[in-house]
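Contents: one structure, followed by commentary.
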Amino acid sequence: MNLTDILGDWKRSHYCGRISTADIGREVCLMGWVQRRRDHGGLIFIDLRDRDGIAQLALDPDRDPDAHGKAERVRGEFVVAVKGIVSARPEGTVNPKMATGEVEVEVRELRVLNSAQTPPFMIEDYADVAENVRLKYRYLDLRRPSLQGNILLRHRVSQTVRNYLNDHGFIDIETPILTKSTPEGARDYLVPSRVNPGTFYALPQSPQLFKQLLMVSGFDRYYQIVKCFRDEDLRADRQPEFTQIDCEMSFVDRQDIMDIMEGMIAKVFRDALGIELTLPMSRLTYAEAMARFGVDNPDLRFGLELVEISALVKDCGFKVFADVVAGGGIVKLLNAKGCAGFSRKELDDLTEFVKIYGAKGLAYVKVQADGSWQSPIAKFFTTEEMDRIGSAAGLEPGDLLLFMADTWKVTNESLGRLRNLLGQKLGLARKDDYRFVWITDFPLLEWDGETRRHVAVHHPFTAPLDEDLPLLATEPGKARAKAYDLVLNGSEIGGGSIRIHDRDVQNKMFSLMGIGAEEAEEKFGFLLNALAYGAPPHGGIAFGLDRLIMLLTGSDSIRDVIAFPKTQKATCLMSEAPGEVDDLQLRELSIRRAIRSK
RNA sequence: GGGGCUGUAGUAGAGUCGGUUACAACGCCGGCCUGUCACGCCGGAGGUCGCGGGUUCGAGUCCCGUCAGCCCCGCCA
């Protein structure tokens, strides 16, 4: 027996969350999903849910026996439409926990538009469900208010960004998804070409080259909210396909780009959260960020800055420290204020933590009430050395000093990450505190010992600082880049640079990176040619939209801000992608399997 | 490629030292109930203890392997 009704000519008059005391006495027509049915034998209440909220329907057997009879058969997640009169709830039955709790709809007519199987989990924010089940039934998970709220906020942010960029003269231009694999960067997703057997397109890691070419074409300002693809392993904040707010501008310097973009971020925070940001945002050079925080994405919500003491300990009696300095490494400390009470177990945990980042150990000093050092390494230091270290660290009784001695890289990374861990552990970082900082003057190139060549820190098209241009010929590793990252609470949310618009400089960069003239011609010839036809000075930036939404919504996982995300093994539990294909499909593509799965 | 955590009705959990028929909750089904709102009361159904192997008289429990989900390192210009 088919128990459902047709929609007919009914038109919805309101979203559920919109009915209010202003509508009392009015007839409304609502449509949505049955959140819950409370059957009192006589009266039946139904909480009707749509994307906007929940409204209580009241069905009285005396008033409308027909609608009441249908309501008896209704179950959770049935799709229903009702017509009825908005009325004030009787005295004492107002529900202050509901946005629409002062009113209800006295139903006169009810249509069951569709039935529903019992869902595998309750459509409630409080329901604690394993993520693999949620992902398999993603369309049901997305009905939950919190997830739906994230997606709705994401939409509003996209609109704000579009409006802002439109108002500032940016043109939305689409760039190819089927494009060419280029060296450098992440692993590409490849798409075989049927028409050109044996050749492959690559999905874009970003529209980098195309947006630069659009500057050469004279569009002046470009933007796109666009999917990018990188075939690398996933993390809580990383998906193989993700969305960038991608921008490029001509005839600008770094300052112009940062000014416009922080205005955009400020508008996003105003529209999305009602928070006014203070502009301009703060700045740190890369060198200063590394020195003070050990990382290039510092969380500025708390202090706990790192202090380098290499010079103070290079001749000290503690051989571990002295040897590291003699071997070209550095010694740094972190003063965990007031943490002298940490237990043996807590200190062991911290040591285990830094080992993840390649550290061999972690030395500590607990400062007693009388200022004396309680530490396994105290005996190696003279009183004078202790005083110097103490004053460099701003040491007070009750503090805990944590020392790291290793290479520049390991010391900074392990102590920098430890700083973040302590900030969290000590509750120093509030989720609703938003600290932005631009990191500037990144190194242009980095020496890769394995492949024995320079690699671009940002990307191969990033311009060096004007004053560092001569260094390319002498000490390329020392050259700094016209690059900038925007960091929010320890997360990089965007990054960009002024690009090289001079063909000779671009060629020089390629050769420093061990890309010969022939290879450069083959891989990037179209860009090099374009630069020779009057390329304007230009630069740009890209923001990670997913990460930005994570921070705005306080989400711990990027999957909570993407409608249909992938698992850590890059599969979709709902569609079961990736999947097998027919031999015929492969034959058409001139592809043969090396491995048969399953 | 590596390290760690988790896996028991639809859901999320308990399950002691290896010992009778694997528990109670939410949800579901049936009944009762005219002002509830995570309604209430009574009754009921529902299990490949992720999967495979081993140890044992006996395994949800111990061992080995494997699969899946998650977190991290490497990787991510």
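The chains referred to below are lettered A, B, ... by the order of the sequence lines, with proteins before strands, and numbering in each begins at 1. Computed over heavy atoms, backbone and side chain alike; hydrogens, waters and symmetry mates excluded. This is a predicted model, so every value here is computed, not measured.
Residue A/P460 is classed as a base contact, given a heavy-atom separation below 4.0 Å to a base. Using a 4.0 Å heavy-atom distance criterion, A/V455 is classed as making no nucleic acid contact. Among the protein residues, A/R63 comes within range of no part of the nucleic acid, since none of its heavy atoms lies under 4.0 Å from any strand. Within 4.0 Å (heavy atoms only), A/Q56 reaches at least one base atom of the nucleic acid. Across all strands, A/S206 comes closer than 4.0 Å to base atoms (heavy-atom distances). Note on A/Y357: only backbone sugar-phosphate atoms sit closer than 4.0 angstrom, heavy atoms only; bases stay farther off. Counting non-hydrogen atoms under 4.0 angstrom, A/S497 reaches nothing in the nucleic acid.
At a cut-off of 3.5 angstrom, counting only N and O atoms as typed in the model, there is no donor on one side facing an acceptor on the other between the side-chain of A/N132 and the base of B/rG7.
A sub-4.0 Å separation between OP1 or OP2 of B/rC75 and a side-chain N or O of A/R230 is absent. Note on A/R559: a side-chain N or O is less than 4.0 Å away from OP1 or OP2 of B/rC71. Close to B/rC37, at under 4.0 Å from its OP1 or OP2, lies no side-chain N or O of A/T100. Taking side-chain N and O atoms only, A/T118 has no distance below 4.0 Å to OP1 or OP2 of B/rG10.
Here B/rG1 is the nucleotide among B/rU11, B/rG1, B/rC72 with the atom lying nearest to any side-chain atom of A/D233. For A/E104, the side-chain atoms get nearest to B/rG35 when compared with the rest of B/rG35, B/rC73, B/rC70.
A heavy-atom distance below 4.0 Å to RNA chain B is reached by these residues of residues 31-52 of chain A, ordered by number: A/R36, A/R38, A/D39, A/H40, A/G41, A/G42, A/L43, A/F45, A/D47. In the region residues 82-99 of chain A, proximity to RNA chain B at under 4.0 angstrom, judged on heavy atoms, holds for A/R89, A/P90, A/T93, A/V94, A/N95, A/K97, A/M98. Proximity of residues 235-247 of chain A to RNA chain B (heavy atom under 4.0 angstrom from any strand atom) is restricted to A/R235, A/A236, A/R238.
For an aromatic pair to be called close, the ring centres must be under 6.0 Å apart, and A/F461 with A/F524 satisfies this.
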Can you list, pair by pair, the side-chain donor-acceptor contacts under 3.5 Å of residues 508-523 of chain A, counting residues two or more places apart and other chains?
| residue | atom | partner | partner atom | Å |
| --- | --- | --- | --- | --- |
| A/S511 | OG | A/K508 | O | 3.0 |

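Defined by atom type and a distance below 3.5 Å, a donor-acceptor pair is missing between the side-chain atoms of A/E446 and A/H454. Side-chain polar atoms of A/S555 and A/T553 form a donor-acceptor pair below 3.5 angstrom. Checking A/R499 against A/S497 by side-chain atom types alone, a donor-acceptor pair falls below 3.5 Å.
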- [ ] Would you sort out whether A/D246 and A/Y222 count as a side chain to side chain contact (heavy atoms under 4.5 Å, CB included), showing the intermediate values?
- [x] CA-CA 8 Å; A/D246 193 48; A/Y222 141 95; 2.8 Å; yes
- [ ] Could you walk me through whether A/Q224 and A/T175 pass the side chain to side chain donor-acceptor pair (under 3.5 Å) test, one step at a time?
- [x] CA-CA 9 Å; A/Q224 197 179 179; A/T175 52; 3.0 Å; yes
- [ ] Might you work through the side chain to side chain contact (heavy atoms under 4.5 Å, CB included) test for A/I558 and A/I549, ending with a clear yes or no?
- [x] CA-CA 8 Å; A/I558 196 171; A/I549 305 299; over 6 Å; no
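Rounded to whole Å, atom C1' of B/rC70 lies 13 Å from atom CG of A/D128. Atom-to-atom, CG of A/D556 to P of B/rC72 comes out at 10 Å; the value is rounded to the nearest Å. Rounded to whole angstrom, the span from the CD atom of A/E576 across to the C1' atom of B/rA68 amounts to 13 Å. The distance from atom NZ of A/K566 to atom P of B/rG69 is 13 Å, rounded to the nearest whole Å.
If you check B/rC26 for Watson-Crick or wobble pairing at under 3.5 angstrom, you find it paired to B/rG10. Remark: B/rU66 base-pairs with B/rG50. Criterion, Watson-Crick or G-U wobble with two distances under 3.5 Å. Nucleotide B/rU34 is matched to nothing when pairs are restricted to Watson-Crick or G-U wobble geometry with both distances under 3.5 angstrom. Across all strands shown, B/rG58 forms no Watson-Crick or G-U wobble pair with both key distances under 3.5 Å.
By the side-chain contact (heavy atoms from CB on, under 4.5 Å) test, A/D441 is found to be paired with A/R254, A/T285, A/L465, A/R480, residues two or more places apart in sequence or in another chain being considered.
For residues 230-240 of chain A, the set of pairs meeting the side-chain hydrogen bond (donor to acceptor under 3.5 Å, both in side chains) definition, not counting sequence neighbours, comprises A/R187-A/E232.
Nearest heavy atoms, A/S20 versus A/V86: O-CG1, 4.0 Å.
Remark: the backbone N or O of A/A202 is not paired with any side-chain donor or acceptor of A/K180 at under 3.5 angstrom.
More than 12 non-hydrogen atoms from other residues, nucleotides or ligands lie less than 6.0 angstrom from CZ of A/F200.
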